[in-house]
Amino acid sequence: LSKYQKKLVLDEARLVERAREAKLRGQTKVALQLLKIKKIKTREVEQVESQLLNVLQMVQTIDSKQNETQVLQAMKTGKDALQKMHEQTSVDDVLDLMDQIQEQNEMEQE
């Protein structure tokens, strides 16, 4: 689209130059026709710019959604890992471990 846009801009410049030349030669009708064609080309350029903007917005939206998907997947993986840890370790296991550590500390202090 951007290549097409550049081509249209060049075409517009050529049309303006041709219209000037026609006007200088006294061909007013030809000059007016060329300017009408230029006006059409200008509208095409505007449409192409609008389409480019839409495409860029779509690409940005897709990137954003992909990032969101990755974040959600990472959160799910983290939740699953925490859930497995909780399943493997009960409250009694934690209390027993704390008691053992406390006994070891008491033995070290003696």
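No experiment lies behind these values; they were computed from the predicted model shown. Residues: numbered from 1 along the sequence shown.
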Q. Is there a path of hydrophobic side-chain contacts, each under 4.5 Å between heavy atoms of I, L, V, M, F, W or Y residues, that connects Val30 with Leu35?
A.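 Not linked; separate clusters.
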
Q | ILVMFWY cluster, Val45 and Leu52 together (side-chain gap under 4.5 Å) | A |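 Yes; Leu52 is reachable from Val45 via cluster members.
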
With rounding to the nearest 0.5 Å, note down the distance linking [atom1] in [X] to [atom2] in [Y].
X      : Y     : atom1 : atom2 : value
Gln33  : Arg18 : CD    : CZ    : 11.5 Å
Gln57  : Thr61 : CD    : OG1   : 7.0 Å
Glu106 : Asp99 : CD    : CG    : 9.5 Å

Q. For atom CD of Glu108, is the number of surrounding heavy atoms from other residues, nucleotides or ligands below 6.0 Å larger than 12?
A.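 Counting other residues, nucleotides and ligands, CD of Glu108 stays at 12 neighbours or fewer.
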
**Q.** Test side chain to side chain contact (heavy atoms under 4.5 Å, CB included) applied to Ile40 and Lys36, step by step
**A.** CA-CA 6 Å; Ile40 292 169; Lys36 286 179 183 179; 5.6 Å; no

Q) Taking it one step at a time, do Lys84 and Glu87 satisfy salt bridge (charged side-chain N to carboxylate O under 4.0 Å, His left out)? A) CA-CA 5 Å; Lys84 282 183 182 178; Glu87 289 172 359; over 6 Å; no

Q | Other cluster members, Met98 - Ile/Leu/Val/Met/Phe/Trp/Tyr, side-chain contacts below 4.5 Å | A |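 So far as hydrophobic clustering goes, Met98 is joined with Val94.
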
Q. Are Glu68 and Lys65 ion-paired here, with the side-chain N under 4.0 Å from a carboxylate O?
A.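 Salt bridge present between Glu68 and Lys65.
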
Q: Can you sort out the partners of Lys23 under side chain to side chain contact (heavy atoms under 4.5 Å, CB included), two or more places apart, ordered by chain and number?
A: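 Result, side chain to side chain contact (heavy atoms under 4.5 Å, CB included) vs Lys23: Thr28, Ala31.
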
Q: Compare every heavy atom of Leu34 with every heavy atom of Ala19, then report the nearest pair and how far apart it is.
A: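 Looking at all heavy atoms of both residues, the closest pair is N-CD1, 3.6 Å.
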
**Q.** Leu8 versus Glu44, closest heavy-atom pair with distance
**A.**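 Nearest pair, atom of Leu8 first, then Glu44: CD1-CB, 3.6 Å.
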
Q) Judged by atom type as modelled, is there a donor-acceptor pair below 3.5 Å linking the side chain of Ser64 to the main-chain atoms of Gln60? A)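 Here the side-chain-to-backbone pair does not exist.
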
Q: Say whether, by atom type as modelled, one donor and one acceptor occur between the side chain of Ser50 and the main chain of Glu46 under 3.5 angstrom.
A: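 No, because the side chain of Ser50 does not come within donor-acceptor range (under 3.5 Å) of the backbone of Glu46.
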
**Q.** Side chain to side chain, Arg14 and Leu10, heavy atoms closer than 4.5 Å
**A.**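 They are in contact (side-chain heavy atoms under 4.5 Å apart), so the answer is yes.
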
Q: State, with a plain yes or no, whether a side-chain heavy atom of Leu72 is found less than 4.5 Å away from one of Lys76.
A: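 Contact flag for Leu72/Lys76 side chains = no.
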
(Q) I'd like to know whether Asp80 forms a side chain to side chain contact (heavy atoms under 4.5 Å, CB included) with Gln83, so could you lay out the CA-CA distance, the side-chain angles of the two residues, the decisive distance to 0.1 Å, and finally the verdict. (A) CA-CA 5 Å; Asp80 292 343; Gln83 189 174 8; 4.2 Å; yes

